[in-house]
Every structure is written in C-alpha cells, then in structure tokens.
Amino acid sequence: MGGASPNDANSIGSGSGGDATSFFSLHTYLPDGDIDLEPYEGMEFESEESAKAFYNSYARRVGFSTRVSSSRRSRKDGAIIQRSFVCAKEGFRNLNEKRTKDREIKRPRTVTRVGCKASLSVKIQDSGKWVVSGFVREHNHELVPPDQVHCLRSHRQISGPAKTLIDTLQAAGMGPRRIMSVLVKEYGGISKVGFTEVDCRNYMRNNRQRNMEGDIQLLLDYLKQKQSENPSFFYAIQGDEDQYTGNVFWADPKSRSDYNHFGDTVTFDTTYRSNRYRLPFVPFTGLNHHGQPVLFGCAFLINESEASFVWLFKTWLSAMFGRSPLSITTEHDSVIRSAIMQVLPNTRHRFCKWHMFKQCQEKLSHVYFDTMNTSPVLKTPSPMEKQASEFYTRKLFTRFQEELVSTLTFTASKVDDNGEVTTYRVAKFGEEHKFYHVNFNVLEMKASCSCRMFEFSGLLCRHVLAVFRVTNVLTLPSYYISKRWTRNAKSSVVLEERAIDPFNGYLESHTVRYNTLRHEAFKFVDEGAESVESYNVAMAVLMEASNKVAFAVKNEGKASVNNGPMRNKSSYCRSEGEGSSTQQLSEVCYFSNLYFVKLRAFSTS
C-alpha cells in the first residue's frame, strides 16, 4: 500500500489535535493526495499529535483500534523524545493473582489483548520534527470490517457539532437512547455517527457532573450567605469545602425551633428526585399541634451509601442540638436501617406504610389479581350487598358496604307525600337532631338526599340506603350503578340503561313490582274509602281482580306480565273485543295485582 518514497514526502501534519476528525485536514499535506498512504520509516510529522492522528486514521482504514504505549524521556530535561503507538490488542492482560486467589471475580472482563505486534514508533529530531523510527504492519488477529470499525474505542469520537446537539437535547430532557436515535437519523446511519450510545451516555454524565459542580457551588455560596445573616442557620457539607463529595445538609432557625416542640416523631424520605440532576432531595419532616407538616431540615445526596447516611444522620442530630427523636419513619431500605442503628440506636425505627403498600402492589400483584376475581366477605344477608359485591371493585365495595351496614343504626320516617314523591326524615338513632331529608320517587326508583353524596362521589349514602331498607327496595336500581366504579370501568362493557321507559324492564325486578303496586294501592284505598258507593265499587273490582290474578299466577308460563308492558293507566277500561287477547290479559293481570294489594292494605288498616 502507499508506495511513496521518503524523498517524495514533505512533513505531514501541523499539530492540529488528537482526534480522528482533526486528521482529515492533514490529507492536503499527503504526497499526490494519496489518502491510502501507509506509514514507513523516515516519514516526518510536525508533532507527536500529528503522528498519533495519522496512525489512528490509518488504523480506521485498515480495521483496528490504537492506543498509546511506551515512551522514553530525555535525561536532560525529562521531555518525551520517543513514543510508540500500538494496536489495541497488543500485549496481554495483567491479572492480579492475589485478587483471583482471595475471591472469585463475579463479572470477568472480556479478553481484548492477544499479543499483537503491530505498532508505529516515532522519535523527535533536532529540528523539532518527529520521524517514524519503526513500523510493524502484521496483525495476529482478524481485522474489523468497515461497517463496524466505528465501534472501536480509538475511533469513537464525538465531534463538536454532535456535542452541541447532545447538549441541546439533554437540556430538553431527552435521555441517551432517544438522543442516539436522533443522531442516527441526522447523520444517516450509526456508522456515520462516529460513536456509540455508551459514549453518548458517558459524555452526558460528565457534562451533568460539570454543571452540577457549578450549581452546588452556587448552593454553598447561598448557604454561607444565609448563615452570615443569621448565625442560627445551620449547614454542613461532607468533606472539605474544596474537595466535597456533594452531600449537603441545611436547616433554618425555624426548623430547629420547631424540632424542640414537635420533634418526638420524624419522617425521613429519600424518594424526592424532582430536579434536573435526579439527585435525592431528603427532607426531615414532622407534624405540629394542628396536624400540619413541619420541616426539620433537608439535604441533597450525591452518594446514597451507608457512609453518606451515617454522616447525614450525625449532622442532622448535631443541628437538632443532639436530641434524638422517639421514632423515625423511613422507607424499607437496609442501608438506611443500618445507618439509623449506628446513629440513633434508641430511636424506634418505623417503615412508611405508603412505601410498603407500593411494594406490595409490585411484589404481590398475584394476590391483587385474586381480589379482582374472588368475592369479598359479606356482612349482611341483604341482596343489595351481594349485588354490589359482584360489580363494584374491591375498594369501592368496601366503601359501599360501610354505608350499607351503617343503615342499621338509622331510622327513616315519612314526613310528606304528594302522590309522586315521598319525603323521609333520616337520622341516626339517638341523634334525631342531626337529620337529613331524602326524596323518593317510587315509580322512577330515584332518590335524592340533602347530603348530596351520590352527586359528589357516585356512591349512594347511608341515608338513601336507609330509605330503601324501609321501603323494601332490595337491589340497587341501575341508575345508581356508575360504570366508572365497576370492575368493567376500563372495558367496553356498558351497563344496561333501564331508566328511559318506566315500564320497559322495570317489571323484571320484584322490588320494582312490589313498590309500584303498593304505591298505586295506597292511592286506590284513599279514593275507595271516601264513600260507601266508592267502597262497594272498589271491593267488587278487587274481588274480580283477585280471581284474575290467581288465574294469571296459575298460567304464568302462558301469559307473563312481562310480555305486554303497559303504556298508560286507562288501558284497563278497554272493551274485551279491543286489541289482542294477549295484550288485554297482560294489562288485566298488571292492574289486578294493583287492586289485590290495595285490598289487603285496606283490609288491614
């Protein structure tokens, strides 16, 4: 390759930098523009960096990675006078025998060095230029194809424009994976990007670390200023201020004062990470005499090691005048637990219920899938409770069950009835001065309570349920079953709407039939008892209706009440020859039920 003699070549390079990109500018100095020029002894370079860039560019074309190897220094001034650049697979790994004997290596590294002899050596001349003093071309391993050479370490370079784009996308909140996807599209392929996602991640981490160090310094300056303004302001950093690790704690005078009054129990939370560096923000909190949260100090943690937590607890305890709390509540973490045992041995350590429930949902999800598919324990023989347990989620059923059971301690007294809506006064036994009004329309099976719980939460209150209990409403009307609280809330299953037509579907419910008949019967009794004549007519009609009801019950399979829904109340006045016999029979049966029930109510009054 190459073929150019030393006499044809001028000096190559001008010390433009160490990355592969900077070498491309060196091609203008190559003899005859030969971009495939191979190194040879006697080739001159303007600087050591130019020689390194040239050899790395050559390695990229051939298919291997390079690294800097040995060097020799001058005895006079200690300056480097000779340098060797080698294939990255040169030599062998230097294993630490003591380490391998003492313990087993859990994650052994991949073997990358196989004793390759390929190298380029350069030395400085009196003129100040560097000349190739040795070149070994042969490798003892396979070379990397052109479409994979960009993954080799020495060729993975993040260019200036790429850094600018990464900085912009990182500031916008994008992670390394999404940033790499943008770069691949921008440059037209991963091989043209020139680096990997690992390089992007490392660059972002280093960039974030540099920015964070600057921001932490601003924080320290602010804390110093606050302390100068008020000596009671407390702050501390782990390590020397010139060489701090980044763990910072502070507490203002009010926090220290509040701890004297309300520091019997403390909550310590490390889950707050709502900042640009994703650092744990760690507050020490408690409750004052109004049940309001109060702050006992806070910290930023760079390192969440046991040593960091030990330092933090000791520092916080010092800021709180050395007085340990009676109890401290934290997340379930073995590192935090160990630190508390060392610093606060006499403090009772509790675990946060919220964190425990969160872990239960994650680690005991199979138990959660069981609660979704098994029936809860019922507390009453009420058909309404069983009905609710079948469609409500476990959480909502528990709330409904609590309301239903509470009705056993409530009384419901009728205070008004205008013929359509009945008003009840509902109060807890022994607390009649605290009452609620419930309006109940039995025909539409709708009730409204003055507490407005259903309108607010979508669940019926104990007051309406108490009215349902005394009026023998045994199951929940569909109007009060909100789909969003059911197990099918996320599915496309829609509960059947039955409230559009008062008689369409109502007769399917025994409770509706009973209440409708009783409501009509009460009105019939009131009218029939007005005079002797009306009484005689009512009794005659009821006796006739009684026989027809008995006939309908006996022939229930042949003529069901549900087969002919009523349209209006005047239908019973039709002549026997009008309309179909099936419709007439169903209408007669319907109103016969009404009259029969009214007769019984009148007879027992």
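Values in this document were obtained by computation on a predicted structure and should not be read as measured data. Residue numbers run from 1 in the order of the sequence given.
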J.: Nearest 0.5 angstrom please: Lys414 NZ to Asp416 CG, how far?
T.: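 Output value for this atom pair is 10.0 Å.
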J.: Verify the distance criterion only: is there a donor paired with an acceptor across the side chains of Ser534 and Ser531 at less than 3.5 Å?
T.: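 Yes, Ser531 and Ser534 have a side-chain donor paired with an acceptor closer than 3.5 Å.
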J.: Would you call the rings of Trp250 and Phe300 parallel, tilted or perpendicular, taking 30° and 60° as the class edges?
T.: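 Geometry flag for Phe300 against Trp250: tilted rings.
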J.: How far apart are the closest heavy atoms of Tyr259 and Ser324, and which atoms are they?
T.: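 Shortest heavy-atom separation between Tyr259 and Ser324 comes out as OH-C, 3.5 Å.
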J.: According to the side chain to side chain donor-acceptor pair (under 3.5 Å) rule, which pairs have a member within residues 402-412, sequence neighbours left out?
T.: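 Passing the test, one end in residues 402-412: Glu403-Arg462, Ser406-Arg462.
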J.: Donor-acceptor check, side chain of Ser389 to backbone of Lys386, threshold 3.5 angstrom: yes or no?
T.: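 Judged by distance alone, yes, a pair lies under 3.5 Å.
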J.: For the pair Val266 and Thr285, evaluate side chain to side chain contact (heavy atoms under 4.5 Å, CB included) and give the outcome as yes or no after the intermediate values.
T.: CA-CA 6 Å; Val266 176; Thr285 59; over 6 Å; no
J.: Can you confirm whether Lys446 sits close enough to Pro477 that some side-chain heavy atom of one is under 4.5 Å from a side-chain heavy atom of the other?
T.: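 Lys446 does not reach Pro477 side chain to side chain.
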J.: Quick one: OG on Ser546 to CZ on Phe551, what's the gap to the nearest 0.5 Å?
T.: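 Answer rounded to 0.5 Å: 14.0 Å.
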J.: For Thr329, check side chain to side chain contact (heavy atoms under 4.5 Å, CB included) against everything at least two apart and list the hits.
T.: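 Only Thr267, Arg350, Cys352 meet the side chain to side chain contact (heavy atoms under 4.5 Å, CB included) criterion with Thr329.
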J.: For residues 327-343, pull every pair meeting salt bridge (charged side-chain N to carboxylate O under 4.0 Å, His left out), keeping only residues two or more places apart or in separate chains.
T.: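 Output for this query is empty, none listed.
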J.: Counting C-beta onward and ignoring hydrogens, is there a side-chain heavy-atom pair between Leu295 and Phe284 closer than 4.5 Å?
T.: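 No - every pair of side-chain heavy atoms lies 4.5 Å or more apart.
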J.: Tell me, do Phe397 and Glu385 make a side-chain contact under 4.5 Å, heavy atoms counted?
T.: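 SC-SC contact between Phe397 and Glu385 confirmed.
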J.: Return the set of residues passing side chain to side chain donor-acceptor pair (under 3.5 Å) with Ser305 (not counting sequence neighbours), or none when no residue passes.
T.: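 Scan of Ser305 (side chain to side chain donor-acceptor pair (under 3.5 Å), adjacent residues dropped) gives Asn303, Ser308.
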J.: Answer yes if the side chains of Ser255 and Asp252 hold a donor-acceptor pair under 3.5 Å, and no otherwise.
T.: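 Yes, Asp252 and Ser255 have a side-chain donor paired with an acceptor closer than 3.5 Å.
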J.: Do Pro253 and Phe233 have side chains that get closer than 4.5 Å, going by heavy atoms?
T.: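 They are in contact (side-chain heavy atoms under 4.5 Å apart), so the answer is yes.
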J.: Kindly compute the distance separating CE (Met174) from OG1 (Thr168), expressed to the nearest 0.5 Å.
T.: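 Output value for this atom pair is 11.0 Å.
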J.: Using a 4.5 Å cut-off on heavy atoms from C-beta on, say whether the side chain of Ile340 contacts that of Ile328.
T.: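 When only atoms from C-beta onward are counted, Ile340 and Ile328 do touch, with a gap below 4.5 Å.
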J.: I'd like to know if the side chain of Gln401 and the backbone of Val377 have a donor-acceptor N/O pair within less than 3.5 Å.
T.: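 Flag set: sc Gln401 to bb Val377 pair under 3.5 Å.
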J.: Closer than 3.5 angstrom, by distance alone: can the side chain of Ser457 be matched with the main-chain N or O of Met453 as a donor-acceptor pair?
T.: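 Yes, because the side chain of Ser457 sits within donor-acceptor range (under 3.5 Å) of the backbone of Met453.
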J.: Show the nearest heavy-atom pair for residues Pro325 and Thr347, with the distance to one decimal.
T.: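 Reported closest heavy-atom pair: O-OG1, 2.8 Å.
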J.: Would you say the side chains of Gln387 and Thr475 form a donor-acceptor pair under 3.5 Å?
T.: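 On atom types as modelled, these side chains do not qualify, holding no pair under 3.5 Å.
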J.: Is Ser450 reaching over with its side chain to a backbone N or O of His437, donor-acceptor style, under 3.5 angstrom?
T.: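 At least one qualifying donor-acceptor pair exists.
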J.: So, using ring pair (Phe, Tyr, Trp, His ring centres under 6.0 Å) as the criterion, who are the partners of Trp485 when residues are at least two apart?
T.: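 Once residues adjacent in sequence are excluded, Trp485 has no partner under the ring pair (Phe, Tyr, Trp, His ring centres under 6.0 Å) criterion.
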J.: Given side chains that start at C-beta, do those of Leu301 and Phe281 come closer than 4.5 Å, heavy atoms only?
T.: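 No. Closest side-chain heavy atoms not under 4.5 Å.
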J.: For Glu420 and Leu443: C-alpha separation, side-chain torsions, deciding distance, then whether side chain to side chain contact (heavy atoms under 4.5 Å, CB included) applies.
T.: CA-CA 8 Å; Glu420 294 184 1; Leu443 289 179; 5.8 Å; no
J.: For the atom pair CG (Leu396) and OG (Ser482), what is the distance rounded to the nearest 0.5 Å?
T.: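 The distance works out to 8.5 Å.
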J.: What salt bridge (charged side-chain N to carboxylate O under 4.0 Å, His left out) pairs are there with at least one residue in residues 253-264, not counting sequence neighbours?
T.: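 Passing the test, one end in residues 253-264: Lys254-Asp258.
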J.: Please determine whether the number of non-hydrogen atoms from other residues, nucleotides or ligands lying under 6.0 Å from atom OH of Tyr436 exceeds 12.
T.: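 Check fails, neighbour count at 12 or below.
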J.: Could you grab the distance from atom CG of Asp269 to atom CD1 of Ile336, nearest 0.5 Å is fine?
T.: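 Asp269 atom CG to Ile336 atom CD1 measures 8.5 Å (nearest 0.5 Å).
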J.: Leu459 and Tyr392: which non-hydrogen atoms are nearest, and at how many Å?
T.: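 Scanning both residues completely, I find the closest heavy atoms to be CD2-OH, 3.4 Å.
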J.: In terms of side-chain heavy atoms, does His349 have a donor or acceptor partner in Thr330 at a distance below 3.5 Å?
T.: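 Yes, Thr330 and His349 have a side-chain donor paired with an acceptor closer than 3.5 Å.
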J.: Can you list the steps and then say if Val182 with Leu169 is a side chain to side chain contact (heavy atoms under 4.5 Å, CB included)?
T.: CA-CA 9 Å; Val182 174; Leu169 298 179; 3.9 Å; yes
J.: Could you tell me which residues satisfy ring pair (Phe, Tyr, Trp, His ring centres under 6.0 Å) with His289, sequence neighbours excluded, listed by chain and number?
T.: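 Residues passing ring pair (Phe, Tyr, Trp, His ring centres under 6.0 Å) with His289: Phe262.
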J.: Tyr480 and Met445: which non-hydrogen atoms are nearest, and at how many Å?
T.: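 What the structure gives for the nearest pair is CE1-O, 3.6 Å.
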J.: Could you go through Glu527 and Tyr535, starting from their C-alpha distance and side-chain angles, then the distance that decides it, and tell me whether this counts as side chain to side chain contact (heavy atoms under 4.5 Å, CB included)?
T.: CA-CA 8 Å; Glu527 296 173 356; Tyr535 169 80; over 6 Å; no
J.: Pair Tyr235, Phe249 - check ring pair (Phe, Tyr, Trp, His ring centres under 6.0 Å), show working.
T.: CA-CA 5 Å; Tyr235 84 94; Phe249 169 81; 9.9 Å; no
J.: Would a 4.5 Å heavy-atom cut-off, applied to side chains only, mark Leu312 and Asn247 as touching?
T.: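 In short, these two side chains do not touch, never coming nearer than 4.5 Å.
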J.: So Phe309 and Phe268, would you call those rings parallel, tilted or perpendicular, with 30° and 60° as cut-offs?
T.: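 Answer is perpendicular, since the angle exceeds 60°.
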J.: Count the heavy atoms belonging to other residues, nucleotides or ligands that lie under 6.0 Å from CZ of Phe456, then report whether that count exceeds 12.
T.: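 Not buried by this count: 12 neighbours or fewer within 6.0 Å.
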J.: Answer yes or no: are there more than 12 heavy-atom neighbours, outside Arg323 itself, under 6.0 Å from its atom CZ?
T.: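 Atom CZ in Arg323 is packed in, count exceeds 12.
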J.: With Tyr222, which residues qualify under ring pair (Phe, Tyr, Trp, His ring centres under 6.0 Å), at least two apart?
T.: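 Checked Tyr222 against ring pair (Phe, Tyr, Trp, His ring centres under 6.0 Å); zero matches.
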J.: Output all residues satisfying salt bridge (Lys or Arg N to Asp or Glu O under 4.0 Å) with Lys379, sequence neighbours left out; order by chain, then residue number.
T.: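 For Lys379, no residue satisfies salt bridge (Lys or Arg N to Asp or Glu O under 4.0 Å) once neighbours in sequence are set aside.
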J.: Check side chain to side chain contact (heavy atoms under 4.5 Å, CB included) between Asn346 and all other residues, then give those that pass, not counting sequence neighbours.
T.: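 Result, side chain to side chain contact (heavy atoms under 4.5 Å, CB included) vs Asn346: none returned.
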J.: If I compare all heavy atoms of Gln342 with all of Pro345, which pair ends up nearest, and what's the gap?
T.: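 Closest approach of Gln342 to Pro345, heavy atoms only: O-CD, 4.1 Å.
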J.: Are Leu344 and Leu317 close enough that some pair of their side-chain heavy atoms sits under 4.5 Å apart?
T.: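 Side chain of Leu344 against side chain of Leu317, heavy atoms only: contact under 4.5 Å found.
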J.: Could I get the full list of ring pair (Phe, Tyr, Trp, His ring centres under 6.0 Å) partners for Phe468, not counting sequence neighbours?
T.: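 With neighbours one apart ignored, the set is Phe440.
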J.: Could you check, using the six-membered ring where one of them is a Trp, whether Phe429 and Phe410 have ring centers closer than 6.0 angstrom?
T.: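 Ring centres of Phe410 and Phe429 not closer than 6.0 Å.
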J.: The criterion is side chain to side chain contact (heavy atoms under 4.5 Å, CB included); which residues satisfy it with Glu229, sequence neighbours excluded?
T.: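 Side chain to side chain contact (heavy atoms under 4.5 Å, CB included) list for Glu229, sorted by chain: Gln225, Lys226.
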J.: Please give me the minimum heavy-atom distance between Trp311 and Ala236, naming the atom from each residue.
T.: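 Smallest interatomic distance, heavy atoms only, reads CH2-O, 3.8 Å.
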J.: To the closest 0.5 Å, what do you measure between OG1 (Thr422) and CG (Asp417)?
T.: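 Thr422 OG1 to Asp417 CG: 3.5 Å, rounded to 0.5 Å.
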